[in-house]
Amino acid sequence: MFLSWLPENVSTFGRDIDGIIALIYYITLAWFIATMGTFAVFLVRYRRRAGRPAGYIKGDRWREVAWVLLPCLLVLVLDLWIDFKGARVWAKVKIESPASDVHIRVTGKQFNWVVTYPGPDGRFDTADDKTFLDEMHVPAGKPVRLTLEAKDVIHSFFLPNLRLKQDILPGRSIPAWLDAMKPGQYELPCAHLCGVGHSGMKATLIVHEATDWDAWVGEQWSGSARPGEKT
Amino acid sequence: MSHASPTVTAVRGPHEATGFFRTYLYATDHKMIARQYLLLGLIMAVVGGYLSYAMRWQLAWPDTEVPGFGFVGPETYNVLVTNHGTIMVFFVAMPILLGSFGNFLIPLMIGARDMAFPRLNALSFWLLALGSAVVLVSFLVPGGAASAGWTGYPPLSAKAEYTGVDWGLTLWLLAHAIEFAAFLLGGVNFLTTIVTMRAPGLGFGRLPLIIWQQATAAILFLLSVGPLIAGAIMLLMDRIVGTGFFLPERGGEPLLWQHLFWFFGHPEVYVVLLPALGAVLEIFPVFSRKPIFGYTLVVWATIVAGALSFIVWAHHMFVSGMDPRLAMPFSITTILISVPFALAVFAMIASLYRGSIAFELPMLWALAFLAMFTTGGLTGIFLGSAPSDIYLNGTYFVVAHFHYTLISAVIFGGYAGIYYWFPKMFGRMLGTRLGQLHFWSTLVSFNVVFFPLHWIGIAGMVRRIANPLQYDMIAPHQWINVVSTVALFGLVASQLVFFVNFFVSQLRGRPAPANPWEATTLEWTTPSPPPHGNWGEALPVVGRGPYEYSVPGATRDWLPQRTGAAAAEARP
Ligand code: HEM
Ligand SMILES: [Cu+2]
């Protein structure tokens with residue numbers, strides 16, 4: 001009902017996120033069936049019939065109350081389980097970040113994504129930087145380090161196929177990372193209302209195969225060093 | 001037990017207001033004010049619904065002329081989204097669920113003659129009316145109405161150049177300020193009345209649950225709105241006097257607004273939810289002829305949920321750019337808050353066990369509330385978990401989730417209350433044929449409008465976009481947007497059925513007896529509609545709890561809260 005609607009995942013941590021979504025899906029589905037099932041059974045069984053008075057049950061004794069408190073306890077346990085499993089995934093995506101030799105700066109502005117590569121010197125804002133508008137290139141199978149910035153208002157960097165989303169606050173540099181597993185082209189919408197052009201503010205992420213990536217880098221800088229690599 | 005002192009009652013004694021001005025405009029009678037709130041809420045619902053129709057049309061058939069509205073396009077779309085959200089939350093949900101239900105029920109259910117401060121009460125209503133007018137006027141000023149989302153995040157909202165909206169956004173802030181003042185006054189009035197004016201014998205342990213819920217909602221609002229008022233003033237200053245509280249280039253911090261907004265915003269959704277839940281909790285015992293299961297537990301669940309609602313706000317901000325180490329603590333509080341709500345749901349289901357359930361209209365709405373609210377509550381778990389929210393935040397999954405929760409409160413809880421108390425409020429019965437048609441068509445069309453939006457959200461469609469076809473990932477799923485919009489026509493048509501029923505029944509409905517549902521709480525011991533001053537000569541005296549149905553050994557299956565001679569008259 002829900003899971004099949006997820007778009008194809010192509011990132012390493014995306015699998016973990018999908019795992020959490022699936023876990024929550026099965027738990028909530030079970031609850032849905034259990035509560036709505038009980039509800040439906042009660043509605044049918046206890047519908048009004050002549051000569052059958054209602055019971056007088058106030059639910060003020062422990063023996064009765066246990067019928068609702070125990071399910072609540074189960075809710076709590078399952079919830080904590082979701083959080084416990086989720087904590088590791090969250091940390092992996094948002095707190096830790098793997099070593100990476102590709103570093104990209106993405107700047108959101110009304111209404112484009114500006115994607116900057118530091119060039120062979122590995123530093124931004126130098127002469128060998130290269131900038132692309134609404135187009136982002138990364139290698140497959142390699143962690144990529146991102147620095148997210150916004151020029152004017154809040155934008156949100158969203159790669160549905162990589163299960164990555166991060167709002168970007170003007171005035172700050174927000175770190176993020178990704179590791180794409182499968183070459184291809186993916187959509188990169190802005191996921192935060194940013195003004196008149198918000199609808200349609202999007203870029204294309206191009207994930208290159210390893211050899212293809214080297215060729216692309218060579219083409220861009222016509223040297224041999226890769227962007228982000230110290231020379 | 002404290003109750004109104006005789007002198008006070010005498011002053012506000014039952015002299016009927018006369019004349020058009022006194023009766024309708026400068027009304028201080030809580031029942032008239034409740035009707036005013038209801039009417040205002042319904043009028044604003046028509047406006048909010050109209051905006052949602054224009055949005056849904058645009059989403060299904062982007063950039064085509066919307067019949068009865070005109071061309072939408074991206075600029076207008078942002079205006080529609082913003083004002084639809086603002087109107088529905090602040091000018092529909094709150095007026096109906098708090099303003100109308102609270103004002104009508106508090107004095108009648110606690111055995112008082114009016115609210116503690118009747119003139120303050122009139123002032124709160126008229127302030128709200130003024131606030132509504134300001135929202136409507138904001139559409140007419142140069143630059144148009146606000147378009148920064150109902151959450152109004154700066155910097156987008158802080159500078160006219162970012163949206164092109166100048167006065168509209170300032171008026172939007174002003175409308176909020178007025179609305180907040182209205183409900184602050186209202187909240188003070190609710191609490192004072194509940195604490196000081198309960199009838200003899202009506203201890204806190206015998207209060208109907210909806211009174212507990214109204215009181216909790218009032219407290220949540222009073223305690224949470226302060227920071228947002230401060231935030232709103234800062235935002236206003238950023239806009240008009242050039243301060244930079246939220247503007248990084250002037251040394252400010254955009255994230256501050258989000259903290260202030262959601263510190264208010266999360267309690268606020270319970271402000272809307274609790275009175276609706278309360279209405280449903282009143283209805284369940286009446287139509288299953290059983291006490292509500294676990295009265296004390298439900299009261300505690302309400303209080304605990306209210307308290308926890310102050311420490312969950314940052315779950316709206318997992319990916320906002322705040323320190324990611326804050327996510328897990330807020331994930332845990334969020335998950336904890338699901339427990340009291342689960343308890344309320346379980347208690348409601350348990351209340352049906354061995355009941356004698358009659359599927360009359362108020363009960364149908366109440367039962368539907370339970371089903372819809374459970375659905376919305378469960379989808380909330382996906383958003384309360386920080387890692388899964390990385391993906392789902394800002395998508396249509398969120399839109400579907402909060403419509404399931406908010407609409408279960410406003411539409412299902414609201415109609416449950418309206419159908420249940422209509423006879424008391426207007427002295428006539430609502431027509432049941434049209435009522436049935438209204439209920440079933442609303443239930444079905446609502447689900448067709450909103451359930452598929454979960455799917456398109458999971459597929460990656462983001463919120464607040466004017467044209468889904470701009471996204472290659474979404475274009476193949478566009479049929480969902482079409483289905484949702486077509487179903488909305490059904491939803492709108494079924495509300496027309498309600499309006500016809502509502503107005504025709506007021507004029508021609510079957511006259512309502514004092515207690516058409518054989519209910520136990522105090523309001524049903526007054527005539528329908530209750531006279532000015534509510535209780536005639538003597539205030540009621542309360543002898544038992546609110547839900548004494550099917551008590552073993554009793555001669556009939558309900559024992560009214562009110563004792564003494566007057567209680568006998570409550571027979572239908
Ligand atoms: C009549 C049925 C309704 C329909 C068809 C409807 C439809 C919509 C649509 C299409 C959006 C815009 C989603 C987007 O572009 O992101 C929206 C947003 C919203 N709706 Fe509704 N809605 C309805 C009723 C309600 C009610 C009763 C409430 C609350 C009490 C409500 C609260 C909101 C809020 C808070 C937003 C968010 C606005 C924003 O993103 O700034 N809606 N609704
Ligand atoms: Cu943007």
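Throughout, a chain's letter reflects where its sequence line sits, starting with A, and its residues are numbered from 1.
Within the 4.5 angstrom heavy-atom criterion, atoms from both the backbone and the side chain of A:Ile57 approach chain B. Looking at A:Arg61, there are no atoms closer than 4.5 Å to chain B (heavy atoms on both sides), in backbone or side chain. Proximity to chain A (any heavy atom under 4.5 Å) is shown, for B:Leu383, by neither the backbone nor the side chain. Looking at A:Leu6, the atoms closer than 4.5 Å to chain B (heavy atoms on both sides) sit in the backbone and in the side chain alike. Heavy atoms of A:Gln110 lying under 4.5 Å from chain B belong exclusively to its side chain. Proximity to chain A (any heavy atom under 4.5 Å) is shown, for B:Phe318, by both the backbone and the side chain. For chain A, no part of B:Ala158 is nearby; none of its heavy atoms comes within less than 4.5 Å. Contact of A:Lys202 with chain B is made through the side chain alone, with heavy-atom distances under 4.5 Å. Contacts between A:Phe13 and chain B at a heavy-atom distance below 4.5 Å are absent for every atom of the residue.
Within a 6.0 Å radius of CZ in A:Arg52, more than 12 heavy atoms belonging to other residues, nucleotides or ligands are found. Enclosure of atom OH in A:Tyr26 is not indicated, since only 12 or fewer non-hydrogen atoms of other residues, nucleotides or ligands lie within 6.0 angstrom. Surrounding CZ of A:Arg45 are at most 12 heavy atoms belonging to other residues, nucleotides or ligands under 6.0 Å away.
Counting heavy atoms from C-beta outward, A:Met201 and B:Val462 have side chains that stay 4.5 Å or more apart. Counting heavy atoms from C-beta on, the side chains of B:His477 and A:Trp5 come closer than 4.5 Å. A:Tyr46 places none of its side-chain heavy atoms less than 4.5 Å from the side chain of B:Ser288. Put simply, the side chain of A:Pro53 does not reach to within 4.5 Å of the side chain of B:Arg289, judged on heavy atoms.
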Derivation of the side chain to side chain contact (heavy atoms under 4.5 Å, CB included) call for A:Ile95 and B:Arg325 = CA-CA 7 Å; A:Ile95 301 178; B:Arg325 286 167 303 184; 3.9 Å; yes
Please lay out, stage by stage, how A:Ile154 and B:Gln258 fare under the test side chain to side chain contact (heavy atoms under 4.5 Å, CB included).
-> CA-CA 12 Å; A:Ile154 298 173; B:Gln258 298 185 25; 3.3 Å; yes
Apply side chain to side chain contact (heavy atoms under 4.5 Å, CB included) to A:His192 and B:Val319, showing your working.
-> CA-CA 11 Å; A:His192 203 293; B:Val319 298; over 6 Å; no
Start with the C-alpha gap between A:Leu193 and B:Tyr153, add the side-chain angles, then the distance that decides, and say whether side chain to side chain contact (heavy atoms under 4.5 Å, CB included) holds.
-> CA-CA 9 Å; A:Leu193 177 63; B:Tyr153 282 8; over 6 Å; no
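Of the listed residues A:Pro189, A:Ala91, A:Pro7, A:Gly171, the one with more heavy-atom pairs under 4.5 angstrom with chain B than any other is A:Pro7. Counting heavy-atom pairs closer than 4.5 Å to chain A, the top residue among B:Asn393, B:Asp557, B:Ile292 is B:Asn393. Looking only at heavy-atom pairs under 4.5 Å with chain B, the residue among A:Leu43, A:Asp18, A:Val93, A:Val41 that has the most is A:Leu43. Counting heavy-atom pairs closer than 4.5 Å to chain B, the top-ranked of the candidates A:Gly197, A:Ala87, A:Ala150 is A:Ala87. Of the listed residues (B:Leu297, B:Ile390, B:Ile465), the greatest number of heavy-atom pairs within a distance under 4.5 Å of chain A belongs to B:Ile390. Ranked by heavy-atom pairs under 4.5 Å with chain A, the list B:Val551, B:Thr163, B:Thr296 is led by B:Val551. Per-residue counts of heavy-atom pairs under 4.5 Å with chain B were compared for A:Val65, A:Asp60, A:Leu148; the largest is that of A:Val65. By number of non-hydrogen pairs under 4.5 angstrom with chain B, the leading residue of A:Leu23, A:Leu169, A:Val89 is A:Leu169. Chosen from B:Leu370, B:Leu336, B:Thr334, the residue pairing most often with chain A at heavy-atom distances under 4.5 Å is B:Leu370. In terms of heavy-atom pairs under 4.5 angstrom with chain A, the leader among B:Gly164, B:Pro254, B:Gly394 is B:Pro254. With chain A as the partner, the residue from B:Glu253, B:Glu161, B:Arg463 showing the most heavy-atom pairs under 4.5 Å is B:Glu253.
With values rounded to the nearest 0.5 angstrom, A:Asp152 atom CG is found 9.5 Å from B:Glu249 atom CD. Here CG of B:Asp472 is found 7.5 Å from OG1 of A:Thr204. Values are rounded to the nearest 0.5 Å. One distance of note links CG of A:Asn161 with CE of B:Met473; it measures 4.5 Å at 0.5 Å rounding. Atoms CG and CD1, from A:Leu3 and B:Ile458 in turn, are 7.0 Å apart once rounded to the nearest 0.5 Å. For the atom pair CD of A:Glu187 and OH of B:Tyr471, the computed distance is 8.0 Å after rounding to the nearest 0.5 Å.
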Under 3.5 Å, which donor-acceptor pairs do the side chains of residues 31-38 of chain A form with other protein atoms, sequence neighbours left out?
from, atom 1, to, atom 2, distance (Å)
A:Thr35, OG1, A:Trp31, O, 2.7
A:Thr35, OG1, A:Phe32, O, 3.4
A:Thr38, OG1, A:Ala34, O, 2.5

Please set out all donor-acceptor pairs under 3.5 angstrom arising from side-chain atoms of residues 340-359 of chain B, sequence neighbours excluded.
from, atom 1, to, atom 2, distance (Å)
B:Ser351, OG, B:Phe293, N, 2.8
B:Ser351, OG, B:Ala347, O, 2.8
B:Ser356, OG, A:Arg48, NE, 3.2

Quiz: residues 67-86 of chain A side-chain donor-acceptor pairs under 3.5 angstrom, not counting sequence neighbours:
from, atom 1, to, atom 2, distance (Å)
A:Asp79, OD2, B:Ser338, OG, 2.6
A:Asp83, OD1, B:Ser331, OG, 3.4
A:Asp83, OD2, B:Ile332, N, 3.3

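No donor-acceptor pair closer than 3.5 Å links the side chain of B:Tyr549 to the backbone N or O of A:Tyr56. Panel note: side chain B:Arg464, backbone A:His198; no donor-acceptor pair is recorded below 3.5 Å.
Between A:Phe39 and B:Leu367, the shortest heavy-atom distance links the atoms CZ-O, 3.5 Å. Minimum heavy-atom separation, B:Lys290 to A:Ala54: CG-CB, 3.7 Å. Nearest heavy atom pair, residue A:Ser199 against residue B:Gln470, reads OG-OE1, 2.7 Å. Closest approach of A:Trp90 and B:Pro387 over heavy atoms only: CE3-N, 3.9 Å. The two atoms that bring B:Ser385 and A:Ile24 nearest to each other are CB-CD1, 3.6 Å, heavy atoms only. Scanning all heavy atoms of the two residues, the minimum distance from B:Ser388 to A:Ile20 falls at CB-CG2, 4.1 Å.
Listed by sequence position, the residues of residues 131-140 of chain A in contact with chain B number zero, using a 4.5 angstrom heavy-atom cutoff.
Using a cut-off of 4.0 Å between Lys/Arg side-chain N and Asp/Glu carboxylate O, A:Lys58 and B:Glu548 are scored as salt-bridged.
Taking the six-membered ring for Trp and thresholds of 30 and 60 degrees, A:Phe2 and B:Phe382 have ring planes more than 60 degrees apart, a perpendicular arrangement.
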